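Here is the structure we will look at, set down as structure tokens.
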Amino acid sequence: MKKIFILMFVCSFGFAQTKSARVSAPLKEASPESVGMSTERITRIEQMLQKAISDENIPGATAIICKNGKIIYQKAFGYADVPGKIPMKTDNIFRIASMSKAITSTAVMMLWEQGKLMLDDPISRYIPEFKNPVVLDKFHMADSSYSTVPAVREITVRHLLTHTSGIGYGVIDGDERMKAIYKKAGIVDLFTTENIKIGDNIKKLAKLPLHANPGDKYIYSEGLDVAGYLIEVVSGMPFDQFLAKNIFEPLGMSDTYFYLPNAKADRLVKVHTKSDGKWKHFTDTFYDVDYPAKGAKAFFSGGAGLSSTAKDYATFLQMYLNGGEVNGNRILNRTTVEHIMQNQTGTLFGGEKSARDYGLAFGIINKNGVASAGQGGEGTFDWGGYFNTAYFADPKEKIIGVLMKQTQRIGEDRTSSLFRQMVFASVDD
């Protein structure tokens with residue numbers, strides 16, 4: 001019995017989620033009118049998306065709208081694979097890219113709740129390779145050589161979550177110098193089908209210069225990839241397993257993975273582009289087009305590596321609207337959720353007149369954003385992904401919207417902005 005007790009203690013301490021006295025039901029379907037929304041106005045959204053398909057502005061999409069914990073609209077449009085003539089379905093799986101970041105941030109905050117780290121800890125406390133960081137000084141494009149100066153402070157966990165670490169983003173970086181430095185060092189920026197471990201990649205990254213001193217600038221970065229490795233180190237679990245055991249399984253997110261099981265690979269939507277007026281599979285890119293269905297399936301990018309469905313991601317967002325809990329499984333404490341939603345970057349994110357602030361996991365609509373209209377109420381949180389996926393959630397109205405597409409270089413596409421605007425215009429209470 002003593003051995004059983006010890007085993008139970010170890011297992012319970014090893015998982016960051018806990019059972020909750022509060023039990024919010026999983027997402028279930030309901031009529032719009034039952035939660036104060038207008039079916040007639042939601043029909044306008046459907047017409048807008050159908051027109052975008054018929055006008056060939058987008059090849060396909062999946063949309064979901066939730067209010068008060070109820071799914072009031074869910075539908076697929078167009079094609080998951082235009083050349084293959086495969087229609088889109090509501091359970092199709094999408095590469096969500098930077099929508100992975102909020103999930104990784106959530107995992108970090110779960111460990112924070114367990115007392116395993118503090119937000120203002122230097123990350124060198126856990127990943128020694130980041131000790132004594134340096135900032136880029138002079139750079140020579142001819143051979144990618146450079147000189148550095150010591151950083152005035154170390155990178156903290158908070159810096160990673162708020163994109164203020166000074167770390168760059170390689171192939172999508174806005175600074176050509178950083179692109180060259182990362183390429184020469186062989187940094188994996190987003191995802192790969194090669195047999196590479198995140199720990200090896202992050203240790204190489206730690207040796208490279210920073211854009212700026214930590215805490216001085218908002219620079220969209222690989223900080224969440226570093227956070228993924230931090231989770232491995234602090235939790236003692238592989239990153240993918242930590243997310244599966246502590247977030248995906250408790251929330252019932254059964255279609256969210258870094259790499260898809262073979263049985264689900266045919267549900268992955270193709271990335272499309274337009275060429276000579278026709279939809280084609282997008283291949284002109286820096287990543288392996290077989291990701292995430294094939295390859296070594298060994299690299300877990302906390303900033304961009306996950307794939308998911310619209311419903312799974314809506315479930316994740318509903319957890320936040322519930323104050324950290326779904327179906328009796330508490331992922332985060334209510335006060336932690338409130339802290340995550342505070343402006344963490346001052347005016348570094350967009351300046352004084354910006355419509356959005358940045359918290360510990362999301363962009364957050366402020367008073368300027370409310371005044372601009374169509375974004376949601378103050379405190380609405382949002383983000384999107386490289387392959388044209390987007391979401392938003394309004395804590396006051398209890399509204400969630402997720403619109404999933406898979407496109408690159410297609411010209412103007414206003415469907416995500418119109419979708420959001422028209423969802424809030426459908427409130428009828």
Side-chain angles (χ1 to χ4, degrees), residues 49 52-53 56-64 76-84 86 88-104 169-173 188-193 220 222 224-225 253 255-260 264-275 279-295 299-314 316-317 363 382-392 401-420:
L49 291 171
I53 298 292
E56 297 191 345
N57 292 328
I58 57 173
T62 294
I64 190 168
F77 301 83
Y79 288 87
D81 180 352
V82 175
I86 300 174
M88 188 77 78
K89 296 180 179 179
T90 55
D91 69 346
N92 271 119
I93 297 172
F94 298 77
R95 302 162 186 82
I96 63 172
S98 286
M99 286 169 56
S100 306
K101 289 179 169 65
I103 293 174
T104 299
Y169 222 147
V171 293
I172 63 170
D173 203 292
V188 178
D189 296 296
L190 302 172
F191 21 70
T192 180
T193 53
Y220 202 54
E222 289 190 52
L224 274 300
D225 281 67
M253 296 171 65
D255 288 322
T256 304
Y257 305 91
F258 282 107
Y259 298 94
L260 304 185
K264 297 186 178 183
D266 62 346
R267 289 165 55 192
L268 181 67
V269 178
K270 295 290 186 182
V271 181
H272 291 80
T273 192
K274 219 168 190 182
S275 178
W279 292 115
K280 296 182 180 180
H281 296 159
F282 184 64
T283 57
D284 180 18
T285 184
F286 53 85
Y287 68 93
D288 190 320
V289 294
D290 289 329
Y291 176 91
K294 298 179 182 178
F299 186 80
F300 311 120
S301 169
L306 289 170
S307 294
S308 188
T309 62
K311 184 179 179 181
D312 267 15
Y313 209 87
F316 171 71
L317 298 174
D382 60 23
W383 209 248
Y386 179 79
F387 299 104
N388 206 356
T389 56
Y391 67 86
F392 58 87
V402 181
L403 185 63
M404 300 285 218
K405 297 165 285 184
Q406 296 281 265
T407 59
Q408 273 290 302
R409 303 179 193 172
I410 62 170
E412 184 181 63
D413 170 17
R414 308 202 311 165
T415 54
S416 293
S417 297
L418 288 171
F419 173 71
R420 182 169 179 165

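Because the structure is predicted, anything quoted here is derived from the model rather than measured.
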Legend entry - Stepwise ring pair (Phe, Tyr, Trp, His ring centres under 6.0 Å) check, Phe387 with Phe94: CA-CA 9 Å; Phe387 299 104; Phe94 298 77; over 10 Å; no
Inset, instruction - Quick one: do Leu260 and Ile93 satisfy side-chain contact (heavy atoms from CB on, under 4.5 Å)? Show the steps, please. - result: CA-CA 9 Å; Leu260 304 185; Ile93 297 172; 4.0 Å; yes
Inset, instruction - Start with the C-alpha distance between Leu268 and Arg95, add both sets of side-chain angles, then the distance that settles side-chain contact (heavy atoms from CB on, under 4.5 Å), and finish with yes or no. - result: CA-CA 8 Å; Leu268 181 67; Arg95 302 162 186 82; 3.4 Å; yes
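The backbone N or O of Asp255 sits less than 3.5 Å from a side-chain atom of Asp312, completing a donor-acceptor pair. Between the side chain of Arg267 and the backbone N or O of Asp91 there is at least one donor-acceptor pair closer than 3.5 Å. Counting only distance, with no hydrogens or angles, the side chain of Lys101 and the backbone of Gly303 share a donor-acceptor pair below 3.5 Å. Side chain of Tyr313 to main chain of Met99: a donor-acceptor pair is present (N/O by atom type, distance under 3.5 Å, no hydrogens or angles). Looking at Tyr169, its side chain never comes within 3.5 Å of a backbone N or O of Leu190 through a donor-acceptor pair. Between the side chain of Gln408 and the main chain of Tyr386, a donor-acceptor pair closer than 3.5 Å is present.
A heavy-atom distance below 4.5 Å is found between the side chains of Ile58 and Ile53. At least one side-chain heavy atom of His281 sits less than 4.5 Å from a side-chain heavy atom of Asp81. The shortest distance between side-chain heavy atoms of Gln406 and Lys270 does not fall below 4.5 Å. Between Pro292 and Tyr259 there is a side-chain heavy-atom pair separated by less than 4.5 Å.
With sequence neighbours left out, Ala310 forms a side chain to side chain contact (heavy atoms under 4.5 Å, CB included) with Thr62, Ile64, Val402, Met404.
Considering CZ of Phe300 and OH of Tyr257, their distance stands at 13.5 Å, rounded to 0.5 Å. Annotation: the span from Thr407 atom OG1 to Phe282 atom CZ amounts to 9.5 Å, rounded to 0.5 Å. In this structure, OG1 in Thr415 is found 5.5 Å from CG in Leu403, a value given to the nearest 0.5 Å. Here the straight-line distance linking atom CE of Met88 with atom OH of Tyr79 works out to 11.5 Å at 0.5 Å rounding.
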Under 3.5 Å, which donor-acceptor pairs do the side chains of residues 283-290 form with other protein atoms, sequence neighbours left out?
| from | atom 1 | to | atom 2 | distance (Å) |
| --- | --- | --- | --- | --- |
| Asp284 | OD2 | Arg409 | NH1 | 2.7 |
| Asp288 | OD1 | Asp290 | N | 2.9 |
| Asp288 | OD2 | Thr193 | OG1 | 2.8 |

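Residues Asp189 and Gly170 approach most closely at OD1-CA, 3.1 Å, considering heavy atoms. Shown here for Ala80 and His272, the closest heavy-atom pair between the two residues is O-CE1, 3.3 Å.
Surrounding NZ of Lys274 are more than 12 heavy atoms belonging to other residues, nucleotides or ligands, all under 6.0 Å away.
Using the six-membered ring where Trp is involved, Tyr220 and Trp383 have ring planes that are tilted, between 30° and 60° apart.
Checking Leu224, Asp225, Leu306 one by one against Thr104, the side-chain contact (heavy atoms from CB on, under 4.5 Å) holds for a single residue, Leu224.
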